[in-house]
Amino acid sequence: MTVRVRFAPSPTGYLHIGGARTAMYNYLYAKAMGGKYILRIEDTDTERSERKYEAAQIEDLKWLGINHDEGPDVGGEYGPYRQSERGHIYKAWAEKLIDTGHAYHCFCSEEELTAKKELATAEKRAPHYDGKCRNLTEEEVTSRLAAGEEAVIRFKAPRKAYVFTDHVRGRVVFPEGMVGDFVIMRANGIPVYNYAVVVDDASMKITHVIRAEEHLPNTLRQLMIYEAFGETPPEFAHGSLLIGEDRQKLSKRHGATSVNLYKEMNYIPAALLNYLCLLGWSHPEEKDVFDIHTLGTIFNLERFTKAAAIYDIKKLDFINGQHLRHLPLETILIEVGKIIPVEHPFHKMEHDWKLRTVTIFKDQINFFQDFTTHLDILFTTEVSDSAEYLEARNWETTPKIREYLESEINIAKVAGKKFVTADDYNIWSDHVKGELKIKGKQLFMGMRSVLTHQAHGPELKFIIPLTPIEILEKRIHL
RNA sequence: GCACCCAUCGUCUAGCCCGGCCUAGGACACUGCCUUUUCACGGCGGCGACUGGGGUUCGAAUCCCCAUGGGUGUACCA
């Protein structure tokens, strides 16, 4: 039997970080087992669902590189993949349930139900449906329906305990009486989540349901429905919840929780996935930095964590830096090029210059945008006001260095050079050492302060050959 | 309220199923040193946890019970 898993988001907003994690786990499991990963859109909440969110979520998934084998946009043999287009299936299956005595029409009004629920709560009873419409005669139902009376379809919850084995929770027991008869079809004919899920998972031949712990209690209702249909339930794996620093379920108010925000902040998708993967699952070799696409059969359901994980992006930033460093130079160049403002002189430089620049700076940054800041070291004519810089400028040796370098830069300029070479730089430094007899801190910091007006930065022999000579000239006169 | 789930460094976690190898390992963050005559990277250290109480056992982070804490659910939301 081939493994079939699915990610089933509701298009009521942008793709959430938690959703992305669930999608990834399903995707990873399908890949590990040589199975199929399906995307299904759960848009039964017509009030809140919007097509634009569906498109946005698919786009975010694509950005992450989590590609589905079947879905509303790519098709597949078990479609349609949008619940709003499966109305006839839910209806037909619901009729089956009524015919077999597992469900019934219920005419109770909302007010009536609310009143009973409040009473039950006040009397400290479980607010379950009292079964008023459970035993209506077929004639009565038919005539009331014919009269245009509104009705929902309610599922007859069996009075017994349910047990199932979860891949991460182990044996889970739902004692008898946890739920009363619950609605599966709304009055408007749209199915309710717990029912639609079962119909879809069963008809789409889903073999494994991998989702977050918040769905654990839903499993009971779903188990009941599978049983009523005579279907074997899929295997379940309820991973841990993603929570915020306040230990509450992660939501918008916790800050950047939607994937598109990370795209905007130029995070590397592979890094985001890497981090998310580790939030609730552990690598058998305890690796922290890896590409999830290389996991292969290493990924399994047995290494999920049971406890909820607090989402804290500090580690994500570190992982982003690790991924960035391992990217090919040309790739970094492309990404960085997208971020640097068009008017920046960077874009006018030669390809070789760009590559050398990226080589030097990539080890110092965690984000592509940090590159821009570092780039300033090559172009800025600003003067540092740090104590260390001021101290270096005040050494009596520094003016001598300045004087010498001024003439050297002038010579290079007159010779028509656009940049000085690393060799030039070495000659300068040898001269200052040998002829001017300046060494140690006075030598290096002195040259740095004269050449860059900064106290810190990457090695001079690397950055000076990358700095345009007219910038060096300007600086020397400051 | 009721039901279910969970509980190891500040955070992510390994170890737990199949008790001894755990004076509890790794990573982030913080921090010290080395390297670099600067910064960063890197390397080596430091700080830092088995929620509490009972039990079982020669021996418990690991097994059992209770307590406490936290979370989720309890909808014609998903």
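Note that the structure is a prediction, hence the values are computed from the model and not measured. In what follows, chains are A, B, ... by sequence order, proteins preceding strands, each numbered from 1.
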Sequence-distant partners of Lys132(A), salt bridge (charged side-chain N to carboxylate O under 4.0 Å, His left out), two or more places apart: Glu112(A)
With sequence neighbours excluded, tell me which residues meet side-chain hydrogen bond (donor to acceptor under 3.5 Å, both in side chains) with Glu149(A). Arg144(A)
Show the atom names and distances, to 0.1 Å, of all donor-acceptor pairs under 3.5 Å that link a side chain in residues 391-400 of chain A to residues at least two apart or in another chain.
{"unit_1": "Arg393(A)", "atom_1": "NH1", "unit_2": "Ser449(A)", "atom_2": "O", "d": "3.2"}
{"unit_1": "Asn394(A)", "atom_1": "ND2", "unit_2": "Leu390(A)", "atom_2": "O", "d": "3.2"}
{"unit_1": "Thr398(A)", "atom_1": "OG1", "unit_2": "Ala392(A)", "atom_2": "O", "d": "2.6"}

Look for any protein N or O under 3.5 Å of an N or O in nucleotides 32-39 of chain B and output each such pair with its distance, or none.
{"unit_1": "U37(B)", "atom_1": "N3", "unit_2": "Lys441(A)", "atom_2": "N", "d": "3.3"}
{"unit_1": "U37(B)", "atom_1": "O4", "unit_2": "Gly440(A)", "atom_2": "N", "d": "2.2"}
{"unit_1": "U38(B)", "atom_1": "O2'", "unit_2": "His456(A)", "atom_2": "ND1", "d": "2.1"}
{"unit_1": "U38(B)", "atom_1": "O2", "unit_2": "Gly457(A)", "atom_2": "N", "d": "2.8"}
{"unit_1": "U38(B)", "atom_1": "O2", "unit_2": "Gly457(A)", "atom_2": "O", "d": "2.9"}
{"unit_1": "U38(B)", "atom_1": "N3", "unit_2": "Arg448(A)", "atom_2": "NH2", "d": "2.9"}
{"unit_1": "U38(B)", "atom_1": "N3", "unit_2": "Gly457(A)", "atom_2": "O", "d": "2.4"}
{"unit_1": "U38(B)", "atom_1": "O4", "unit_2": "Glu459(A)", "atom_2": "N", "d": "3.2"}

Roughly how far apart, to the nearest Å, are A78(B) and U62(B) at atom P? 42 Å
Not counting sequence neighbours, which residues clear salt bridge (charged side-chain N to carboxylate O under 4.0 Å, His left out) with Lys249(A)? List them please. Glu214(A)
The criterion is side-chain hydrogen bond (donor to acceptor under 3.5 Å, both in side chains); which residues satisfy it with Lys160(A), sequence neighbours excluded? Glu227(A)
With both distances under 3.5 Å as the test, what is the Watson-Crick or G-U wobble partner of C28(B)? G10(B)
Extract from the structure each pairing of a protein N or O with an N or O of nucleotides 50-52 of chain B at less than 3.5 Å, listing the distance.
none

Under a plain distance cut-off of 3.5 Å, with no hydrogens placed, do His323(A) and Asn274(A) share a side-chain donor-acceptor pair? yes
Would you list the protein and nucleotides 3-13 of chain B atom pairs, both N or O, that sit under 3.5 Å from each other?
{"unit_1": "C5(B)", "atom_1": "O2'", "unit_2": "Arg169(A)", "atom_2": "NH1", "d": "3.0"}
{"unit_1": "C5(B)", "atom_1": "O2'", "unit_2": "Glu213(A)", "atom_2": "OE2", "d": "2.7"}
{"unit_1": "C12(B)", "atom_1": "OP1", "unit_2": "Ile310(A)", "atom_2": "N", "d": "2.9"}
{"unit_1": "C12(B)", "atom_1": "O2'", "unit_2": "Leu278(A)", "atom_2": "O", "d": "3.0"}
{"unit_1": "C12(B)", "atom_1": "O2", "unit_2": "Lys315(A)", "atom_2": "NZ", "d": "3.3"}
{"unit_1": "U13(B)", "atom_1": "OP1", "unit_2": "Gly280(A)", "atom_2": "N", "d": "2.7"}

With sequence neighbours excluded, tell me which residues meet side-chain hydrogen bond (donor to acceptor under 3.5 Å, both in side chains) with Asn218(A). Asn194(A), His215(A)
The ring pair (Phe, Tyr, Trp, His ring centres under 6.0 Å) partners of Tyr275(A) (sequence neighbours excluded) come to Tyr311(A)
Please enumerate all residues that pass salt bridge (charged side-chain N to carboxylate O under 4.0 Å, His left out) together with Asp363(A), with sequence neighbours excluded. none
Residues two or more places apart in sequence or in another chain: which of them pass side-chain hydrogen bond (donor to acceptor under 3.5 Å, both in side chains) with Glu42(A)? Arg40(A), Gln83(A)
Have a look at Asp317(A) and say if it touches a base, only the backbone sugar-phosphate, or nothing, with a 4.0 Å heavy-atom cut-off. nothing
